Structures are given as structure tokens and as C-alpha cells.
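In what follows, a structure is listed as C-alpha cells, so that the remarks can point back to it.
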Amino acid sequence: MSSSRWHNPSIDNNRRSWHKKSQLVDSMGAQYQVFTHDISHSGMSLFVDKQYQPGQVCKVNVPVFAGATLRHYQFHCRVILSSLCGLQGFRTNLEFLEVSTENRALIQSVMAS
């Protein structure tokens, strides 16, 4: 079976690589350094040193340069899946619970690039 049979181009059209050093704040208030992997209109995935259970709620704080200004975006999310991914830690897929107008504009700009 060829590998192209497993490739779903619609997934690539709906996600964009987005590598940012960020901070995850879990529902207990604990803070962890994370690295985002990709983003879509409905969520993002990231790498973190701790495994989270599906359904857990968290916030992800992402610093992004907009021109010469550093802006901090906060995403409210729910864990969909968290699995060990070698030395990178746990790849954790998150679903956005709410998306502010400001965050939607950021996502649109990333998706357009």
C-alpha cells in the first residue's frame, strides 16, 4: 500500500505549521513551557512535557510579533488527544472553546500564509 493512500490533502489545507514557544496554563493553574506545532480554525497542536487527558481545559498564551510590537494571544482550549512523541514530549491536540475576534484575525493571517 502506498503512503499516498494515507495522505489526506484536506487535512493539510485546514492546518498550517505554526512553531511558537508558548505557555500552557492548566486548569489547576500550573504553567508549562510548550512549543506549538500547528494551528487551524478549530484548534492547535503542541508539544508539552506532561500528558493531559482528553476533556481537560487549559489556556495557551502565545507571544507573536505584529510588526515591531510583541502581542500576547490567549487561547481557551480543551484537550482532544495527548500522546508521547519521542523526545519532543507529548503531542497534544487542542480544540478551541472560544475564539475572540482578535484571535480569529491571527488565525486567518497564519492560514493565509
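No experiment lies behind these values; they were computed from the predicted model shown.
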In the hydrophobic clustering that connects Ile, Leu, Val, Met, Phe, Trp and Tyr at side-chain heavy-atom distances below 4.5 Å, which members other than Leu97 occupy its cluster, ordered by chain and number? Val57
With sequence neighbours left out, the residues meeting side-chain hydrogen bond (donor to acceptor under 3.5 Å, both in side chains) with Gln31 are Gln23
Under the side-chain hydrogen bond (donor to acceptor under 3.5 Å, both in side chains) test, residues paired with Ser22 that sit two or more places apart: none
Got a sec, which pairs hit salt bridge (charged side-chain N to carboxylate O under 4.0 Å, His left out) with one end in residues 54-70, sequence neighbours left out? none
Identify all side-chain donor-acceptor contacts of residues 39-46 below 3.5 Å with residues at least two apart in sequence or on another chain.
from: Ser40; atom 1: OG; to: Ser42; atom 2: N; distance (Å): 3.2
from: Ser40; atom 1: OG; to: Ser42; atom 2: OG; distance (Å): 3.3
from: Ser40; atom 1: OG; to: Gly43; atom 2: N; distance (Å): 3.2
from: Ser40; atom 1: OG; to: Gly43; atom 2: O; distance (Å): 3.3
from: Ser45; atom 1: OG; to: Asp38; atom 2: OD1; distance (Å): 2.8
from: Ser45; atom 1: OG; to: Asp38; atom 2: OD2; distance (Å): 3.4
from: Ser45; atom 1: OG; to: Arg91; atom 2: NE; distance (Å): 3.3
from: Ser45; atom 1: OG; to: Arg91; atom 2: NH2; distance (Å): 3.2

Any pair with a residue in residues 58-84 that passes ring-ring contact (aromatic ring centres under 6.0 Å, His included), sequence neighbours left out, goes on the list, sorted by first then second residue, please. Phe75-Phe96
Could you tell me which residues satisfy side-chain hydrogen bond (donor to acceptor under 3.5 Å, both in side chains) with Ser109, sequence neighbours excluded, listed by chain and number? none
What residue pairs, at least two apart or across chains, pass ring-ring contact (aromatic ring centres under 6.0 Å, His included) with a residue in residues 14-36? His19-His37
With sequence neighbours excluded, residues passing ring-ring contact (aromatic ring centres under 6.0 Å, His included) with Phe90: none
Listed once per pair and sorted, the salt bridge (charged side-chain N to carboxylate O under 4.0 Å, His left out) pairs that draw on residues 20-31, sequence neighbours left out: Asp26-Lys50
side-chain contact (heavy atoms from CB on, under 4.5 Å) partners for Leu81, two or more places apart: Asn93
Residues at least two apart in sequence or cross-chain that pass side-chain hydrogen bond (donor to acceptor under 3.5 Å, both in side chains) with Thr36, listed by chain then number, are none
